[in-house]
A.B. asks: 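Mind looking over this structure? Questions follow.
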Amino acid sequence: MPSYEICYRNGDGTLEAKIAAECANDLQAKILAHAMKERGLKRIEVWDGATLVYERPHQFQ
């Protein structure tokens, strides 16, 4: 089962919390990230190793 890191950031981009989770796939990791999100946090990132697999809101680069 892949291991994911879920990062929650404040409005200024600072890291508020990070959790590691074992999820079967990217979709399960995304659902978990939203389910664990606390009110007031502005950004979610889901990482599979060094690969960003999901972010909300989406950042255009």
Side-chain angles (χ1 to χ4, degrees):
M1 207 180 283
S3 182
Y4 293 86
E5 279 193 347
I6 301 170
C7 299
Y8 298 97
R9 298 191 180 272
N10 296 308
D12 64 1
T14 57
L15 184 65
E16 177 69 22
K18 183 190 319 186
I19 62 169
E22 293 290 328
C23 300
N25 54 45
D26 292 354
L27 179 60
Q28 186 181 31
K30 294 173 196 180
I31 292 169
L32 178 63
H34 280 280
M36 301 281 296
K37 182 180 176 285
E38 292 184 19
R39 177 173 269 171
L41 296 177
K42 301 296 183 189
R43 183 170 167 80
I44 298 172
E45 298 172 348
V46 178
W47 295 85
D48 181 2
T51 304
L52 179 64
V53 296
Y54 181 75
E55 62 181 334
R56 282 297 176 264
H58 183 72
Q59 301 292 310
F60 295 100
Q61 298 180 22

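Computation of the quantities below employed the complete heavy-atom set of this structure, encompassing side-chain atoms and omitting hydrogens, waters and symmetry-equivalent molecules.
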A.B. asks: State which residues pass ring-ring contact (aromatic ring centres under 6.0 Å, His included) with Y54; sequence neighbours excluded, sorted by chain then number.
C.D. replies: H34
A.B. asks: Look at the side-chain heavy atoms of Ile, Leu, Val, Met, Phe, Trp and Tyr, link any pair under 4.5 Å apart, and say whether L41 and Y4 land in one connected group.
C.D. replies: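 The answer is yes; both residues are in one hydrophobic cluster.
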A.B. asks: If you group Ile, Leu, Val, Met, Phe, Trp and Tyr by side-chain heavy-atom gaps below 4.5 Å, do L52 and V46 land in one group?
C.D. replies: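 No, no single cluster joins them.
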A.B. asks: Check I6 against A21 and note the closest heavy-atom contact, atom names and distance.
C.D. replies: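 Smallest interatomic distance, heavy atoms only, reads CD1-CB, 4.5 Å.
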A.B. asks: Out of curiosity, M36 CE to I19 CD1, how far, rounded to the nearest 0.5 Å?
C.D. replies: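 The CE atom of M36 sits 4.0 Å away from the CD1 atom of I19.
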A.B. asks: Return the set of residues passing side-chain contact (heavy atoms from CB on, under 4.5 Å) with T14 (not counting sequence neighbours), or none when no residue passes.
C.D. replies: N10, D12
A.B. asks: Show every salt bridge (charged side-chain N to carboxylate O under 4.0 Å, His left out) that has at least one partner inside residues 25-36, sequence neighbours left out.
C.D. replies: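 Residue pairs with at least one partner in residues 25-36: there are none.
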A.B. asks: By the ring pair (Phe, Tyr, Trp, His ring centres under 6.0 Å) test, which pairs, at least two apart or in different chains, include something from residues 13-32?
C.D. replies: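 Found none.
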A.B. asks: Kindly write out the residues that satisfy side-chain contact (heavy atoms from CB on, under 4.5 Å) with I31, not counting sequence neighbours, or none if the list is empty.
C.D. replies: L27
A.B. asks: Can you tell me how far SG of C7 sits from CD of E45, rounded to the nearest 0.5 angstrom?
C.D. replies: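 It comes to 5.5 Å.
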A.B. asks: Rounded to the nearest 0.5 Å, how far does CD of E16 lie from NZ of K37?
C.D. replies: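 Answer rounded to 0.5 Å: 11.5 Å.
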A.B. asks: With sequence neighbours left out, which residue pairs that include part of residues 7-32 fulfil the ring pair (Phe, Tyr, Trp, His ring centres under 6.0 Å) condition?
C.D. replies: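 The answer is none; no pair qualifies.
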A.B. asks: My understanding is that only residues two or more places apart in sequence, or in another chain, count here; which of them pass side-chain contact (heavy atoms from CB on, under 4.5 Å) with K42?
C.D. replies: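 Not a single residue meets the side-chain contact (heavy atoms from CB on, under 4.5 Å) criterion with K42.
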A.B. asks: Transitively linked via ILVMFWY side-chain contacts under 4.5 Å: L32 with I44?
C.D. replies: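 Yes.
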A.B. asks: Quick check: closest heavy atoms across C23 and A29, and the distance to 0.1 Å?
C.D. replies: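 Taking every non-hydrogen atom into account, SG-CA, 3.7 Å.
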